[in-house]
Amino acid sequence: MSGLLGARTCSSPGEASDLKYPLGTRLREPLTEARFQQLFGDEEQVQELPTEPVGPKLCRMWRRPASACSRPGAWRLLQARLPPLRWLPLYRWRAWLLGDAVAGVTVGVVHVPQGMAFALLTSVPPVFGLYTSFFPVLIYSLLGTGRHLSTGTFAVLSLMTGSAVERLVPEPLSRNLSGIEKEQLDAQRVGAAAAVAFGSGALMVLLASVLCFTSSLDTKYNVQIVGLLPEGFPQPLLPSLAELPRILADSLPIALVTFAVSASLASMYADKYSYTIDPNQELLAHGVSNLISSFFSCFPNSASLATTSLLVDAGGNTQLAGLFSCIVVLLVLLWLGPFFYYLPKAVLACINISSMRQMFFQMQELPQLWHISRMDFAVWIVTWVAVVTLNVDLGLAVGVIFSMMTVVCRTQRVQCLALGLAEGTELYRPLRESHRLLQVPGLCILRYPTPLYFGTRGNFRRILEWHLGLGEGGKASPKPDNLPDTVAEPVRVVVLDFSGVTFADAAGAREVAQLASRCRDVGIHLLLAQCNASVLETLARAGVLDRVTPQQLFVSVQDAAAHALEKLVRGSSVWSGSQEVLH
C-alpha cells in the first residue's frame, strides 16, 4: 500500500482493535450520513440521501420570498438596502460626530484638487472631477456598508477611463481648435466618460494660483490653467448611450477593478475595527453610485486607498463623514470655483504624480511577497510588466488571466494525501508528516484537497488508479509524480476524505461514479467521508448512489475508518481474505 514507506503498520488483529478504539472505550457507533440525519437532522428534511423532488423544493423557494411581503420582512429588506436605517439610530453623537466632521472635511479638502487632477487623467475638463467627488460619495454614504470607506476619483480607474475616452473621441490632428470646437470635443469626451461609468489634502499650492495670477504665466508663457469652473451642478443628461456597444469591453474591466478595490478595502477595515460588511450590498452601492452619477456627467469612481487611509487617520467613524466631505465639494461647486481659475494644470499633474507615488512604493513589498508566495510574486511581476508595456486595460486583463491560470494549475497539480492514524487518538494526518503514524494493511485512506471538476478529473483518476491498482486491462497504471514507486499491500477498503472538495461539477461527479463501479468490480469497498451538502447532491444526481449504498457515506474520516476497521477485524464476508492480510 502506498505511503507505507517509513510508516508503522498494524500486524495483528489485537493491534488493529486498539486502533479502532484508541481511547480504550467505545464512545459511539460510526455515523453514516443517513444515520446522522436521522439523529440530528430537521424534521422537514428528507431522510433518504437522493435529491428531493422538484415540486416541494420549488414550493419552499416560493415561501421564502413570500415571507418578505410581511411588514417585518419589508422592514428587514429596507434596512438591508438602506444601511443608515440600521446604524444611524445607534450613532454615538457625542463620541463620533466630531471625528466624522473633521475626517469628512479633511477628505473633502483633498477631494477638490485630486478630483480635478484625476479628471485630466480621464481626458475631461477638471470640473467633472468635482462632480465625481460629490455625487458618488453622497450615494455611497446612503447605500454603502463600509464605515471607513472613502469613495470618489481613483487614479487607476481614471487612467483606464482616459484610455477609453481618447480612443473613442480622439483629438483632431490639427490641434489649433477654436473655442467652440474645444467645447464640442470636451462634451463628446464627457459623454463617453459618463457612458463608461454608466456601463460599470489641502488645496495645494493655492500658492501656485497666486503666482500664476500675478505673473500672467497663462498669457506670456502659454501655461495651461484650469479656467472657469461652472457654478452649480450640471444639468442631468442621459449618457451617450450610442457609445455603449463600443465601450462595453472597457466597462467590464473597470467594473471588476472598482468592485475588487472597494470590496477589499472595505473588508480590510471591517476586520480591523471588528464589524461586518455585506458584499452584495457593496456591489449594489457601487453599481448604483456609478449608474446614477453618470447622469450628472461623472466618470467612473471607486474607493481609494489614499483617501480612505486619510479618513481613518483623521478620526472618521461612520459613513456620516462622507456627508461632510460632500459639503466641502459642494461649497467649491457653488461659490469657491472662481478661485481656481488661475490654477495651472501643471500643479494638477504634480498632484497626480504625488498620489501615484504610493503605487511605486509597493515595490518595497516585493521581497516580502517573494518570501511568502512566489506564485503571487509572479502574478505581481507579470501584471506590472503588462501594464507598463501595453496599457492599463490590457495589462490588468493579462494579470487577471495569468492569476486565474495559476489557480487552475495549482488545483491540477495538487497531491492526493494518504492518511495514517496518530496512535492513541482519533486523528488522521498525512503519512508524509511523520513516520510514527499507523496504517492498517488493506485499508487506504486518501484525502483529495481540491475541487473536483473537469480540469482535475484526469489527475484524480490517475492518482486513484495508482493507489488502488486499477490499471486498464489488468495493466499497472503509470505512476503519477510525487508518489512512491511501489504499492506495498493490495487494497481491500478505501476511504475517500472529501472534506477538501469544496465543489464538484458534472464531469467530476461522473468520475466518482465510474470509480465506484470499478472498485465494486474488483472487490474494493469504497467509503466516502465528509462530503458537504452541495457535493453530495451533485454526486447523487450523477448516479453515485446507484453504485454505493447510504451505508457507505460517513460524516467524518474517523467514522469511516472505524467502520472499515471493524469489518476488517471481524473478517466480514465483504472482503474475503481480510484476516490473512491482518496476520
Side-chain angles (χ1 to χ4, degrees), residues 79 82-118 129-130 132-155 201-206 258 261-279 281-282 285-286 289 301-336 351 354-359 361-362:
Q79 285 182 317
L82 288 176
L85 295 178
R86 293 200 311 268
W87 61 262
L88 198 55
L90 303 176
Y91 190 83
R92 299 164 57 184
W93 294 95
R94 292 185 178 180
W96 290 348
L97 182 60
L98 180 60
D100 281 341
V102 172
V105 171
T106 303
V107 173
V109 169
V110 173
H111 270 315
V112 173
Q114 183 175 278
M116 293 190 293
F118 288 172
L130 296 180
T132 308
S133 299
F134 176 79
F135 291 102
V137 177
L138 180 62
I139 296 171
Y140 183 82
S141 299
L142 299 176
L143 299 179
T145 59
R147 288 167 42 189
H148 299 87
L149 208 63
S150 174
T151 61
T153 55
F154 181 45
L203 302 178
M204 286 191 267
V205 288
L206 184 56
T258 298
V261 172
S262 302
S264 59
L265 275 177
S267 299
M268 181 174 67
Y269 282 98
D271 294 339
K272 182 177 180 180
Y273 291 97
S274 303
Y275 63 92
T276 59
I277 64 168
D278 183 354
Q281 182 64 19
E282 285 294 297
H286 290 288
S289 174
N301 63 88
S302 76
S304 170
L305 177 59
T307 54
T308 298
S309 301
L310 179 62
L311 185 143
V312 174
D313 294 339
N317 297 290
T318 66
Q319 296 91 317
L320 196 63
L323 298 181
F324 288 101
S325 175
C326 290
I327 292 175
V328 174
V329 180
L330 183 63
L331 292 176
V332 175
L333 286 172
L334 294 181
W335 295 292
L336 302 180
I351 296 174
S354 176
S355 64
M356 296 180 68
R357 73 184 189 278
Q358 297 295 335
M359 301 173 64
F361 288 162
Q362 290 182 0

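Every value quoted in this text rests on a predicted model; they were computed, and no experiment measured them.
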Rounded to the nearest 0.5 Å, how far apart are CG of Asn317 and OH of Tyr91? 6.5 Å
I'd like to know whether Val332 forms a side-chain contact (heavy atoms from CB on, under 4.5 Å) with Met116, so could you lay out the CA-CA distance, the side-chain angles of the two residues, the decisive distance to 0.1 Å, and finally the verdict. CA-CA 12 Å; Val332 175; Met116 293 190 293; over 6 Å; no
CG of Leu143 to CG of Asp278, rounded to nearest 0.5 Å, is 12.0 Å
Run Leu98 and Val102 through side-chain contact (heavy atoms from CB on, under 4.5 Å) and show every step you take. CA-CA 6 Å; Leu98 180 60; Val102 172; 4.1 Å; yes
Please tell me if the side chains of Leu97 and Phe324 come closer than 4.5 Å, counting only heavy atoms from C-beta onward. yes
Roughly how far, to the nearest 0.5 Å, is the OG1 atom of Thr132 from the CZ atom of Phe118? 11.5 Å
Locate the shortest heavy-atom distance separating Gly315 from Ala103; write the atom from each residue and the value. C-CB, 4.1 Å
Could you pull out the closest heavy-atom pair between Ser262 and Ser302, with the gap in Å? OG-CB, 3.7 Å
For His111 versus Val137, what's the shortest heavy-atom pair and its separation? NE2-CG2, 4.2 Å
Decide yes or no on side-chain contact (heavy atoms from CB on, under 4.5 Å) for Trp93 and Asp100, but give the supporting numbers first. CA-CA 10 Å; Trp93 294 95; Asp100 281 341; over 6 Å; no
Report the distance from atom CG of Leu82 to atom CD of Gln281, rounding to the nearest 0.5 Å. 8.0 Å
Criterion side-chain contact (heavy atoms from CB on, under 4.5 Å) on Thr153 and Thr307, from CA distance to verdict: CA-CA 10 Å; Thr153 55; Thr307 54; over 6 Å; no
For residues Ser133 and Val112, determine if any side-chain heavy atom of one lies less than 4.5 Å from a side-chain heavy atom of the other. no
I'd like to check Pro136 versus Tyr140 (side-chain heavy atoms, cut-off strictly below 4.5 Å). Are they in contact? no
Ile327 CD1 to Phe134 CZ distance, which is reported to the nearest 0.5 Å: 9.0 Å
Check whether any side-chain N or O of Gln319 sits under 3.5 Å from a backbone N or O of Gly144 as a donor-acceptor pair, and report yes or no. yes
Identify whether NZ of Lys or CZ of Arg in Arg147 sits under 6.0 Å from the centre of the six-membered ring of Tyr273 and within 45° of that ring's axis. no
Does Thr308 reach the main-chain N or O of Ser150 with its side chain, forming a donor-acceptor pair under 3.5 Å? yes
Can you tell me how far the OG1 atom of Thr258 sits from the CG atom of Asn301, to the nearest 0.5 Å? 7.0 Å
For residues Ala303 and Leu265, report the shortest heavy-atom separation together with the two atoms involved. CB-CD1, 4.0 Å
Here the pair of heavy atoms bringing Ile277 nearest to Ala266 is CD1-CB, 3.7 Å
Any idea which heavy atoms bring Val312 and His148 closest together, and the distance? CG2-CB, 3.7 Å
May I ask you to decide if Gly146's main-chain N or O and Glu282's side chain share a donor-acceptor pair within less than 3.5 Å? yes
